[in-house]
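Below is one structure; the comments refer to it alone.
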Amino acid sequence: MPQSIARPTMLAVAGLIAILPLSAVSCSAAQKALDCGNTAVKITGDINEVSNAYSNASNDSAAAGQALQKLKNDLDQLGKNSKDTDVVQAINDLNTQVDKVQQAVNNKQVPDFKPLGSAASNLTKVCTG
């Protein structure tokens with residue numbers, strides 16, 4: 001299951017990076033594209049850590065929780081630093097999905113990573129749209 005989230009997220013980041021130069025038509029658009037690019041790269045790494053930590057949770061049960069907390073902390077920081085309301089909303093939606101994964105892990109259930117990947121893809125769409 002972790003690979004199912006990693007590939008779409010990596011494709012979304014690759015698409016974002018390819019589109020960034022096209023988005024830079026004004027100073028504010030360039031700043032948004034730069035902010036979004038940095039956000040997408042950081043979030044992709046964090047989501048991969050969550051996926052890897054969860055897949056190895058039987059070896060280190062605390063790793064999944066720590067990776068989720070790191071992702072949440074990074075999302076909180078990125079949300080505070082973003083000035084674009086659409087980006088902030090996409091980050092909030094991503095936070096909601098992180099909370100759902102955290103609840104599943106806490107309840108010793110198998111988390112559904114698909115909505116987390118969809119929320120990450122939505123962040124990319126907001127950045128490129």
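Keep in mind the model is a prediction, meaning the values are calculated, not measured.
The side-chain heavy atoms of I47 and F113, taken from C-beta on, include no pair separated by under 4.5 Å. Taking 4.5 Å as the limit, some side-chain heavy atom of V88 sits within range of a side-chain heavy atom of N92.
Between A53 and A67 the shortest heavy-atom distance is CB-CB, 3.8 Å. When all heavy atoms are compared, the tightest approach of L116 to V98 is CD1-CG2, 3.7 Å. Contact between A119 and L94 at its shortest, heavy atoms only, is CB-CD1, 3.4 Å.
A salt bridge is absent between K80 and D76; no separation between the charged side-chain nitrogens and carboxylate oxygens falls under 4.0 Å. K72 and D99 are joined by a salt bridge, as a carboxylate oxygen and a charged side-chain nitrogen come within less than 4.0 angstrom of each other.
Rounding to the nearest 0.5 Å places CD1 of I91 at 11.0 Å from CG of D86. With rounding to the nearest 0.5 angstrom, the CG atom of L71 is 11.5 Å from the CD atom of Q97. Taken to the nearest 0.5 Å, the CG atom of N48 stands 11.5 Å off from the CD1 atom of I43. Residue E49 holds its CD atom at 10.5 Å from CD of Q66, rounded to the nearest 0.5 Å.
Crowding of K100 atom NZ: a count of heavy atoms from other residues, nucleotides or ligands under 6.0 Å not exceeding 12.
Considering L78, V87, D93 in turn, V87 is the only one that fulfils the side-chain contact (heavy atoms from CB on, under 4.5 Å) rule with L123.
For N122 (side chain) and S118 (main-chain N/O), no donor-acceptor pair under 3.5 Å exists by modelled atom type.
Between the side chains of Q77 and N73, no donor-acceptor pair is found at a separation under 3.5 Å.
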